[in-house]
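Below: the structure, in structure tokens.
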Amino acid sequence: MMYHRPALHAEETPENRGEILLRLVRYLRPYWKSVLASVFFILISAGAQAAGPLLIGQAVDQFIAANDPAGLGRTALLLAGVYTVGMFAMRFQIYWMSWSGQQVLADLRMQVMRQIHRLSLQNLEGEEAGDLMSRLVNDIEMINAFLSQGLVQTLGSLFALVGIVIAMLALNLPLALVTMAIIPVMILATGFFSRLARRAFRRTRETIGDVSAELEEELSGVKTAQAFNRSDFNIRRFEERNAANRDANVTANAVTSAFSPAMDLLSTLDTAAVAGFGGYLAVQGQVSVGVVVAFLQYVQNFFRPIQTVTQIWTSAQSAFAAAERVFELLDQEPAVKDLPRAADLPTVRGEVVFEDVSFGYEDGQPVLQGITLKAQPGETIALVGPTGAGKSTLVSLLLRLYDVESGRILVDGYDIRQMTQHSLRSQMGVVTQDPFLFSGTVMENIRYGRLDAGDEAVYAAARAANAHDFIERLPGGYQTQVGERGGMLSQGQRQLITIARALLADPRILILDEATASVDTRTEALIQRALERLLEGRTSFVIAHRLSTVKHADQVLVLDGGRIVQRGTHEELLSSGGLYADLYRRLQFDPAQTVQPEPAAADAP
Ligand code: ADP
């Protein structure tokens with residue numbers, strides 16, 4: 001059952017860099033018209049850049065040498081016209097290419113979002129949430145920079161370069177060859193710098209991933225850290241990661257900032273070579289002075305595109321690495337997939353059968369073995385047992401967050417692996433220990449259970465969940481905004497809202513992970529009654545912490561080490577002794593009245 005996740009920071013190799021670029025470019029396909037428009041304007045501006053020096057050379061030879069001010073004036077006007085057209089063309093090329101880039105980015109973000117929802121828990125839970133966040137935010141931003149600026153500048157520069165090279169070759173072959181002799185040197189120097197830069201940037205990406213992961217952890221764990229007096233320790237650890245990121249960035253800046261001066265030096269050398277050799281040829285009478293003047297212009301214009309391309313190349317490295325990691329996420333296959341001919345589960349009565357089910361998260365480490373059980377429609381099944389016994393795993397299998405390794409799980413006689421996940425989960429409700437509220441209003445959070453429910457239905461559900469009264473007393477009533485984790489609402493209130501949400505959804509099968517969190521006795525009583533209402537008439541699997549739940553359950557299953565070691569009703573189990581009787585005895589002395597000997601979450605208020 002081992003799932004192999006691809007390495008997070010895969011090395012980008014020259015071969016797959018081409019693939020990545022191709023794949024990015026393929027995203028442009030739907031927007032080919034605007035790409036084409038951009039290329040059209042690129043050609044115009046490249047032409048303008050090649051034509052400028054040609055006109056200047058002509059002016060020197062034909063009009064200045066021949067003392068023809070009228071001709072000179074005409075050329076000057078023409079030159080101004082050419083450069084103006086070039087400038088406008090540049091503006092349009094950038095606009096159309098950035099526009100296409102933004103479309104691609106929006107598509108990419110949408111795909112990432114869909115993929116996260118498509119992937120099963122199994123794919124995602126291994127990644128630290130902070131790292132995943134940083135990956136998505138930073139990586140997409142890097143791709144953004146490349147698509148909206150890098151790509152258009154690269155294309156523009158390459159076309160400009162081609163235009164210039166053609167013009168130089170046509171003007172004078174020997175002089176063109178001398179000018180271009182510098183190219184191999186430039187390529188070598190660029191290769192050297194980009195290798196250094198790639199290494200430096202990879203380091204900055206890794207370290208920023210660490211920093212975000214740490215920040216995310218600090219934010220969610222600050223209470224725990226304070227409770228355990230670990231703040232200093234955590235701050236020191238953060239200091240180290242932060243310093244590593246700072247140093248990596250400084251190194252990366254050192255590498256990139258050395259690049260421009262090196263290119264300037266080469267450009268100066270080349271200008272000198274052109275002036276010297278061109279001057280010699282002019283003195284020999286082999287070229288005109290105008291041609292030498294044009295060449296001096298070309299050398300300048302010729303370095304700019306190369307420099308742009310090489311600089312972009314270094315940032316393109318980051319974009320490729322970023323794109324690679326985004327694609328890696330997009331390419332992950334969900335661990336739980338619908339079969340090609342999966343059928344929709346019809347509306348069920350709620351009979352649940354486990355037939356000799358075994359499962360492990362990793363090969364050779366079974367977590368559940370030989371689980372066999374049968375729940376009649378409407379029955380409440382209480383799951384008890386020590387921490388790590390496999391209770392949560394058992395309900396995850398029923399929800400089909402994972403597929404069983406062997407055996408079968410049947411709902412109303414249908415093997416859940418043959419059914420679509422959507423049709424299965426739409427008939428199941430989950431209420432967990434850690435009530436999760438989405439950002440939005442209380443109303444929206446309850447309606448999340450059934451999106452087409454009217455306001456009246458929402459109020460009814462809230463009343464049934466004993467939530468209506470406190471919601472009415474909130475400053476904004478049902479329209480009160482709640483934060484990601486429920487903001488100003490208490491743990492108990494959030495729990496009541498999630499119960500209301502589940503009541504509204506009205507699922508046939510309910511999975512309930514009873515809260516151990518400390519709530520005041522009044523709220524506890526409200527939750528208790530709300531839960532009883534929720535369980536009524538549904539097949540329920542309860543990871544039970546309350547004595548009353550266990551007492552009222554139709555069956556109590558005692559799990560230990562991944563097996564069902566005892567089963568029966570509360571009374572039957574008590575009289576037969578064993579693990580259950582032990583758990584119960586401990587409960588007699590436990591003022592918190594909990595059947596699971598688990599410590600309460602450390603960060604619970
Ligand atoms: P319980 O709910 O009874 O406390 P769980 O079902 O959470 O038990 O865990 C059963 C066993 O499976 C434990 O040994 C736990 O460490 C392991 N386990 C739980 N979740 C995962 C996971 N996502 N990956 C690997 N092992 C897991």
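For ligands, and for the atoms within them, numbers begin at 1 and follow the listed sequence.
- Residue contacts with ligand 1 include G390, since one of its heavy atoms falls under 4.0 Å from the ligand.
- Which parts of ligand 1 touch V367 is read off a 4.0 Å heavy-atom cut-off, strictly below it: atoms 10 (C), 11 (C), 12 (O).
- Inclusion of S392 in the set of residues having an N or O under 3.5 Å from an N or O of ligand 1 is warranted.
- For the 3.5 Å distance criterion, the side chains of Y27 and Q111 qualify, holding a donor opposite an acceptor.
- Looking only at atom types and distance, the side chain of Y361 has a donor-acceptor partner in the side chain of T393 under 3.5 Å away.
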Tell me which donor-acceptor pairs under 3.5 Å the side chains of residues 343-353 have, and how far apart each pair is, sequence neighbours excluded?
unit_1	atom_1	unit_2	atom_2	d
D344	OD1	T420	OG1	2.7

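- Within the structure, the salt bridge (Lys or Arg N to Asp or Glu O under 4.0 Å) test picks out no pair touching residues 375-388 (sequence neighbours left out).
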What verdict does the side-chain contact (heavy atoms from CB on, under 4.5 Å) test give for I381 and V542, after you've listed the backbone C-alpha separation in whole Å, the side-chain angles of each residue and the deciding distance to 0.1 Å? CA-CA 6 Å; I381 312 290; V542 187; over 6 Å; no

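- Shown in contact with T393 at under 4.0 Å from a heavy atom are these atoms of ligand 1, numbered in order with element: 5 (P), 6 (O), 9 (O), 10 (C).
- Residue-ligand proximity, T387 to ligand 1, at heavy-atom distances under 4.0 Å covers atoms 4 (O).
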